[in-house]
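Written below as structure tokens is the structure these notes are about.
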Amino acid sequence: MPKLKLPKPPVPPNFQPPPPRPGTANGGGGPLESAKEAGTTVVGWVDERTSLSGAARWMMFRKVPKGTNWFYTLGSATMFAFLSQAVTGVFLAMYYDPNPTNAYESARYITNEAFLGEFVRGMHKWGSTVMVILVFLHMARTFFFGAYKYPRELNWIIGVVLLILTMVMSFTGYLLPFDQRSYWATIVGVNINGTGPLVGPYLSDFLRAGPEFGATTLSRFYAIHMMLVPGLIAALIGLHLYLVAKLGTTAPPWLKAETDPHLREEQA
Ligand code: HEM
């Protein structure tokens with residue numbers, strides 16, 4: 001029986017030789033020439049090796065419901081505030097010293113002497129307030145638009161954890177300048193935590209890092225503020241956004257669901 005010759009599969013678009021370039025002897029073709037042309041942009045080069053553009057497209061190019069308005073930008077605004085805190089925080093950490101004898105002096109140095117120090121410290125301080133306001137506004141938006149309902153309950157729960165972590169950032173950051181106000185305010189805050197039911201006393205012991213409020217407390221707050229909580233927030237924002245991309249956003253509650261006019265006629 002003669003051998004059946006199957007047609008060759010088509011060459012994938014990425015591997016097709018480029019069109020001949022005018023002015024070259026062989027039209028610019030040949031496998032070597034094509035190889036030289038492969039991955040002409042950095043994005044193309046990376047994508048050929050990782051196929052990440054598919055994931056980026058999945059995350060970013062999506063349809064949004066009718067009636068989407070400015071209130072839907074509050075989540076992204078909160079994320080921007082968080083990123084700004086992360087960047088300014090890194091610069092502050094280059095000069096800040098979490099040792100009780102040097103902490104106040106290092107904060108003073110940042111404000112009065114370091115290049116752009118006052119600006120960066122001001123951004124971080126005001127940015128923390130902005131982030132807290134935005135996270136509450138974003139929560140109010142999702143609540144009043146009913147976005148916490150099925151199937152987005154898990155995203156609401158992740159949001160509640162993000163809200164608590166944002167408050168923990170504010171609380172732990174407040175002690176770091178180690179001036180009179182931050183010292184006494186944090187003692188009050190730790191004592192309030194201690195009055196909580198069941199876990200309260202353990203929580204205040206953990207925060208104080210010992211029987212007395214002092215050097216160990218400052219290190220503990222610094223570690224929580226610098227590493228533990230920002231890491232958790234970053235990971236949870238990733239999960240939060242994954243669910244937003246997967247489930248889509250909720251349409252505003254005042255929009256009625258559209259039914260097919262054809263079906264409506266049949267029902268009548
Ligand atoms: C660091 C804090 C947070 C960040 C960066 C963040 C970010 C976002 C972003 C970018 C969206 C997309 C839609 C939009 O912006 O409205 C979103 C949606 C959502 N967020 Fe947040 N969020 C945070 C905290 C919270 C909190 C505290 C809650 C509630 C307790 C929450 C609940 C939700 C829900 C339920 C959705 C889905 C909205 C919908 O389907 O329309 N988030 N979040």
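Counting starts at 1 for both ligands and their atoms, following the listed order. What you see is a predicted model; the values in this text were computed from it and never measured.
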Please could you name the atoms of ligand 1 that Val135 approaches to less than 4.0 Å, counting only its heavy atoms? 2 (C), 24 (C), 27 (C)
Main-chain N/O of Thr250 paired to Tyr72 side chain as donor or acceptor, under 3.5 Å: yes
Applying side-chain contact (heavy atoms from CB on, under 4.5 Å) to Asn99 and Tyr222, what does each step give before you reach the verdict? CA-CA 10 Å; Asn99 178 323; Tyr222 186 59; over 6 Å; no
Scan side-chain atoms only and decide if Ser53 and Arg57 contain a donor-acceptor pair under the 3.5 Å cut-off. yes
Are Tyr183 and Phe213 an aromatic pair by the rule of ring centers under 6.0 Å? yes
Counting non-hydrogen protein atoms only, what is the nearest one to atom 28 (C) of ligand 1? Give residue, atom name and distance. Gly159 CA, 3.4 Å
If you count the atoms of ligand 1 from 1 in the order shown, which ones are under 4.0 Å from a heavy atom of Ala147? 35 (C), 38 (C), 39 (C), 40 (O), 41 (O)
Main chain of Leu52, side chain of Asp47: is a donor-acceptor contact present, judged purely on distance under 3.5 Å? yes
N or O pair under 3.5 Å between Tyr72 and ligand 1: yes
Does ligand 1 have any atom sitting under 4.0 Å from a heavy atom of Phe145? no
Is the shortest distance from a Lys or Arg side-chain nitrogen in Arg121 or Glu118 to a carboxylate oxygen in the other one below 4.0 Å? no
Going by the order shown, which atoms of ligand 1 are within less than 4.0 Å of some heavy atom of Gly248? 40 (O)
Other residues, nucleotides, ligands: >12 heavy atoms within 6.0 Å of Trp70 CH2: no
So for atom CD, which belongs to Glu153, do other residues, nucleotides or ligands contribute more than 12 heavy atoms lying within a distance under 6.0 Å? yes
Applying a strict 4.0 Å limit to heavy atoms, is Phe82 in contact with ligand 1? no
Taking 4.0 Å as the limit for heavy-atom contacts, which would you say applies to Thr142 with ligand 1: side chain only, backbone only, both, or neither? side chain
Pick from Arg152, His138, Lys149: the one approaching atom 17 (C) of ligand 1 most closely through a non-hydrogen atom: His138
Tell me, please: is Ala77 in heavy-atom contact with ligand 1, that is, under 4.0 Å? no
Minimum-distance N/O/S atom that His240 presents toward atom 21 (Fe) of ligand 1: NE2
Report the relative orientation of the aromatic rings in Phe143 and Trp156; use parallel for angles under 30°, tilted for 30 to 60°, perpendicular for over 60°. tilted
When only distance counts, is Met79 in polar contact with ligand 1, meaning an N/O pair under 3.5 Å? no
For Arg141, take its heavy atoms, then give the atoms of ligand 1 lying under 4.0 Å from any of them. 13 (C), 14 (C), 16 (O), 38 (C), 39 (C), 41 (O)
Say whether Thr217 and Arg208, considering side chains only, have a donor N or O and an acceptor N or O under 3.5 Å apart. no
Measure Val244 to ligand 1 on non-hydrogen atoms and call it side chain, backbone, both or neither using the 4.0 Å cut-off. side chain
Which atoms from ligand 1 have a heavy atom of Leu163 less than 4.0 Å away? 27 (C)
For ligand 1, which is the ligand I care about here, please tell me if Thr73 has any N or O atom under 3.5 Å from one of the ligand's N or O atoms. no
Measure Leu241 to ligand 1 on non-hydrogen atoms and call it side chain, backbone, both or neither using the 4.0 Å cut-off. side chain
The answer for which part of Thr250 has a heavy atom under 4.0 Å from ligand 1 is both
Would you verify whether the NZ or CZ of Arg181 falls within 45 degrees of the ring axis of Trp184 while also being under 6.0 Å from that six-membered ring's centre? no
